[in-house]
Amino acid sequence: MLKGRSLIDPMDFNTEELEEIFVLARDIIKEPEKYIHLAEGKLLATLFYEPSTRTRFSFEAAMLRLGGKVIGFSEPNSSSVSKGETVADTVRVVDCYADIIAMRHPKEGSPKVASMYSKVPIINAGDGGHQHPTQTLTDLLTIKEIKGSLSGMTIGLCGDLKFGRTVHSLIKALSRYDNNKYVLISPYELKLPDYIKKEVLAKNNIEFVEAQKLEDVIGKLDILYMTRVQRERFFNEEDYIRLKDSYILDRSKLDNAKEDMIVLHPLPRVNEIAYEVDEDKRACYFTQAQYGMYARMALIAKLLGVA
Ligand code: CP
């Protein structure tokens, strides 16, 4: 039963509950007109303490396409946060007005704190370098729709694996599906944190290798998940400049990839995927962004208990 629950961590829902969301999302994709009145009379609040294009707009579009309404801020300085109001107090007020809240915050754990004080479901829309569970829902739905399965894949994660919260959430969520292997492609300084290697990969006997050159491993992959180097999480600009162009996927690198490999990216991209790749049939990142809205429609409907 998902009604009334919060989504803070990708492991908050078991695989059966995730499947419920995917089944609904698939039906929404097929027959969106069936769902245009589903959330009538309900209000979503989007509290974004950090910039966003896809997550905020897709949440808002999702609620509007379900017939609901939206309030919120995308610039915390326009709210009483600028006067020093805490996350706990903010949600205790907003939950008097809204039926469900999506929150993005630069500080890890803030949506969790919000969920401890809120009377309505809180959805973590990204907390610092920690987790991004609705991007993970998006990624899982995309993989399932395009590859037909969430099991038996060799998945290359490439770029900033240290600060990239989408990567952390995806590895956690996929750890419950069988026979997936990982190729972790990053510069030494941006390797996947040890706690994820130990507590998720090693603990579940999941095979993984680390690599530094994308061209050495691209031929083995079923999924290549590219990520941006997260400038906003660096302590100094020099390190960012040195590492930002570590990986650039271009057409010549794709020549060595499988014909049915798919390229995903949570976006925004900076330089890590050349624009020429957009024309390749394996480039699925804009489809992925569209699936993000359907995944969030299904999630909102389930947490509100209207589907
Ligand atoms: N993928 C993602 O979280 O994009 P935004 O930062 O634009 O929301």
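Position 1 is the first residue of the sequence, and the numbers go up from there. Indexing begins at 1, ligand by ligand and atom by atom, following the structure's order.
- For atom 6 (O) of ligand 1, the closest non-hydrogen atom of the protein is Arg104 NH1, 2.9 Å.
- The residue from Pro266, Ser52, Gly126 that puts a heavy atom closest to atom 1 (N) of ligand 1 is Pro266.
- Taking a cut-off of under 4.0 Å to the non-hydrogen atoms of Gln135, the atoms of ligand 1 that pass are 1 (N), 2 (C).
- One distance of note links CD1 of Ile223 with NZ of Lys258; it measures 10.0 Å at 0.5 Å rounding.
- Any N or O atom pair closer than 3.5 Å counts here, and Pro51 shares no such pair with ligand 1.
- In this structure, Glu50 does not count as a contact residue of ligand 1, since none of its heavy atoms falls inside 4.0 Å of the ligand.
- Panel note: side chain Arg5, backbone Asp12; a donor-acceptor pair is recorded below 3.5 Å.
- Here the side chain of Glu85 pairs no donor or acceptor atom with the backbone of Lys83 at under 3.5 angstrom.
- Phe286 CZ: more than 12 foreign heavy atoms inside a 6.0 Å radius.
- Of the possible donor and acceptor atoms, one in the side chain of Asp280 sits under 3.5 Å from a partner among the backbone N and O of Arg282.
- Near Thr55, meaning under 4.0 Å from any of its heavy atoms, are these atoms of ligand 1: 2 (C), 3 (O), 4 (O), 5 (P), 8 (O).
- Heavy-atom proximity to Thr53, at under 4.0 Å, picks out these atoms of ligand 1: 5 (P), 7 (O), 8 (O).
- In terms of N/O distances under 3.5 Å, ligand 1 is approached by Arg54.
- The atoms of ligand 1 that sit less than 4.0 Å from any heavy atom of Leu267 are 1 (N), 2 (C), 4 (O).
- In this structure, Ser115 and Ile8 approach most closely via the heavy-atom pair CB-CD1, 3.9 Å.
- The main-chain N or O of Thr142 is never found under 3.5 Å from a side-chain atom of Asp139 such that the two would form a donor-acceptor pair.
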